[in-house]
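To find a chain, count down the sequence lines: A is the first, B the second, and so on, and within it residues start at 1. Because the structure is predicted, anything quoted here is derived from the model rather than measured.
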Number of protein chains: 2
Amino acid sequence: MRDSKPVHKETHLGRVPLFDDLPGGEIQQLAKASKVVVLEKCGTLFRTGETCPGLHVVMYGQLKVAFSSTQGSEKVVDILQAGQSFGEAELLLDEPYRAHAQALCDTLVLQVAGTAILDLIARNPGFAHRLLNGMSRRLHDLMIDLEGYTLHTGAARVLTFLLREAAVQEPCNESAVVRLSAPKGVIASRLNLSPEYFSRILHDLSEQGYFAIHGRDIHIDSVSRLQLGLA
Amino acid sequence: MRDSKPVHKETHLGRVPLFDDLPGGEIQQLAKASKVVVLEKCGTLFRTGETCPGLHVVMYGQLKVAFSSTQGSEKVVDILQAGQSFGEAELLLDEPYRAHAQALCDTLVLQVAGTAILDLIARNPGFAHRLLNGMSRRLHDLMIDLEGYTLHTGAARVLTFLLREAAVQEPCNESAVVRLSAPKGVIASRLNLSPEYFSRILHDLSEQGYFAIHGRDIHIDSVSRLQLGLA
DNA sequence: AGCCCGGCTTGATCTGGATCAAATCAATCC
DNA sequence: GGATTGATTTGATCCAGATCAAGCCGGGCT
């Protein structure tokens, strides 16, 4: 992140799903109300307990959102990719963050001031609806995670995760190569597993012929076979 | 639930926090678009996989929302009290329910048709904002639960639960009697504990002098003492 | 009163997954 | 290339919390 070429906020914002059907004027308002944050790998975007300065939108790079326990261990709640936003709930409730966010690689974030978002909600019902849909999606995904954590075994969570990744990375293919988008330790924590146990599960499943592991690439011969493994 | 006195939807809806500052005309529209559902104890409101007929609003009574595993065990996600609504996310995304809902006692629910809610969002930015706040609250609470499940021990979750209940039931009192609003087994599942282990934790904590148990009533001498127990 | 049934407790045992410790591998930097 | 540092694996051990199996209320019913 050492080049200091000025960031053109409008074009960036216009590409984000949450904003991409907004008229140009609105985008300009948002751009004016937003701040560029440049993070290098491992840089912190916000910490637990801080109050939220606005809506975070990832332009490029990758962030992990995690809880930290008193004993230094942490639990990754979400991994944010380019185009995703974060902090809607805290913004609307004006509550401090329960988690912290850290860049997994060099990352660019725009922070849109809360007032600009609130204005937009009041002025543009279509945007409110879109925001509502985004939050619904997040709520729904969180429910799925919760179901996994409380009802499914570690191996089942790993299989489910790989299936979802395969569906995203190579839709509708019977065979797929899934590339883990983050270090195994981070994925492990995301699945609520210790790195060691995650490694063992991966090993076991590959021994059972579900897939082959090559570093961060998981080669799946038969996606439908994985699906069966869930039963 | 054996009296069949017709339910006056308007007055009921007008008392629900989500709708209570809507103009009378809007309330009437909602009432017209909503259906009364009467459930007796253990009656099912909806099942996993069903598509959602509208927004559920609890008028009186109590519901549990839970995941069911293939082996018959279940995990309670939420306990809904009178005045609460449920199903916003599924409604907006048009996704089937991931969980089922069952009445814990005789319960009255209004189901507001999805179209009426969508209209209201498009027409009334204030309502959209209110809905957004409600979903933020739910998202935030879910995050707190998740933090508990993944990072805290069983005993810590029980203490946290009791502290929140005390804060709701007897705000700002140093001593409090917390009445468990549901059978212990349901609370246990809500905290992601087996009934047996929940019972043991309660026993242990009371032995350590944190509180005294009388059936479903937990007598807390010193709320601040409980807070210390969390460290 | 006596009976029944569902909710709760208690005890004994088991296990998924964590933790600790050490070895191996991989990427980067002199 | 060798050294350094972090990521991953492997092995041994441990533990929070589940499960299984009885007992034990307490309250509604006849």
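Between the P atom of dC8(C) and the CG atom of L202(B) lies a distance of 11 Å, rounded to the nearest Å. Atom NE2 in H214(B) sits about 16 Å away from atom C1' in dT9(C), given to the nearest Å. Spacing between atom CG of L191(B) and atom P of dA16(D) amounts to 18 Å, rounded to whole angstrom units. In this structure, D204(B) atom CG and dG17(D) atom P are separated by 12 Å, rounded to whole Å. As a whole-Å value, the separation of I213(A) CD1 from dA7(D) P is 19 Å. Residue K41(B) contributes atom NZ, which lies 11 Å from atom P of dG6(C) at whole-angstrom precision. Y149(A) has its OH atom 22 Å from the P atom of dA16(D), to the nearest Å. E207(A) has its CD atom 13 Å from the C1' atom of dT9(D), to the nearest Å.
L146(A) has its side chain within reach of Y149(B): a pair of non-hydrogen atoms, C-beta onward, lies under 4.5 Å apart. A heavy-atom distance below 4.5 Å is not found between the side chains of Q169(B) and V177(B).
When the nucleotides dT8(D), dT9(C), dT10(D) are ranked by their closest atom to the side chain of P183(A), dT8(D) comes out on top.
Taking 4.0 angstrom as the limit, H203(B) places none of its side-chain polar atoms (N or O) nearer than this to OP1 or OP2 of dT9(C).
Close placement of the Y97(A) and F46(A) rings is indicated, their centers lying within 6.0 Å of each other.
Heavy atoms from other residues, nucleotides or ligands lying under 6.0 Å from CZ of R179(A) number 12 at most. Few gaps surround CZ on R137(A); more than 12 heavy atoms of other groups in view lie less than 6.0 Å from it. A 6.0 Å sphere centred on CG of D221(B) holds no more than 12 heavy atoms belonging to other residues, nucleotides or ligands.
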Might you list the N or O atoms of the protein lying below 3.5 Å from N or O atoms in nucleotides 25-30 of chain C, with each pair's distance?
none

Check against side chain to side chain donor-acceptor pair (under 3.5 Å), E88(B) and S136(A): CA-CA 7 Å; E88(B) 293 87 343; S136(A) 297; over 6 Å; no
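Under a cutoff of 6.0 Å and an axis angle of 45°, R98(B) and F67(B) do not form a cation-pi pair.
The only member of T44(A), L39(A), L104(A), D78(A) that meets side-chain contact (heavy atoms from CB on, under 4.5 Å) when paired with L63(A) is L39(A).
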In 5'-to-3' order, the base (B), backbone-only (S) or no-contact (-) status of each nucleotide in nucleotides 12-19 of chain C, using a 4.0 angstrom heavy-atom cut-off, is B---SSSB
